[in-house]
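Encoded as structure tokens, the structure appears first; notes follow it.
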Amino acid sequence: TFELGALGVAGTLFQTASIANTSSTTRVAILLALINVFTPVLAALVGKTEEERRISLKTGLSCVLALVSTIYAIAGDAESAISLSAGGGPSIGDAEAIGAAFFY
């Protein structure tokens, strides 16, 4: 349908822009993994039926773990020699990658 196509186009445009505006494609890939957090949360918020809006405890805990893991991976470990954030703090490309994950 038209709506799904528009969401796919928006996701692709945000992803393309994020790759152009971020120094690390690995960082973009990690941020795009937020789709695994957004999908159940959006289902809970806008699901049409009570069953669609219901999130199991296992799914909720998995979303929290995925979000915390993503934040940790992007923030980097202060004691580690390798850090994804070594190229600087949050950028417009990061926001675009999060937007892409939302629209996908």
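Fair warning: this is a prediction, and the values are worked out from it, not measured in the lab.
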Are the side chain of Arg53 and the backbone of Leu45 linked by a donor-acceptor contact shorter than 3.5 Å?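 Flag not set: sc Arg53 to bb Leu45 has no pair under 3.5 Å.
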With a 4.5 Å cut-off on side-chain heavy-atom distances among I, L, V, M, F, W and Y, is there a chain of contacts connecting [X] to [Y]?
| X | Y | value |
| --- | --- | --- |
| Ile71 | Ile30 | yes |
| Leu31 | Leu7 | yes |
| Leu32 | Tyr72 | no |
| Ile98 | Ile92 | no |
| Leu34 | Ile74 | yes |

If every non-hydrogen atom of [X] is compared with every non-hydrogen atom of [Y], which pair is closest and at what distance?
| X | Y | result |
| --- | --- | --- |
| Gly11 | Ala100 | O-CB, 3.4 Å |
| Thr22 | Asp94 | OG1-N, 3.8 Å |
| Ser18 | Gly93 | CB-O, 3.2 Å |

Phe102 atom CZ, neighbour heavy-atom count above 12 within 6.0 Å: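 Counting other residues, nucleotides and ligands, CZ of Phe102 stays at 12 neighbours or fewer.
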Going by the angle between their ring planes, with limits at 30° and 60°, are Phe14 and Phe103 parallel, tilted or perpendicular? parallel
Can we say Glu51 and Arg54 salt-bridge, meaning some charged N sits less than 4.0 Å from an Asp/Glu carboxylate O? no
Side-chain contact, heavy-atom cut-off 4.5 Å: Thr39 with Tyr104? no
Just how far is it from atom CD of Glu96 to atom OG of Ser91, taken to the nearest 0.5 Å?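 With rounding to 0.5 Å, CD (Glu96) is 7.5 Å from OG (Ser91).
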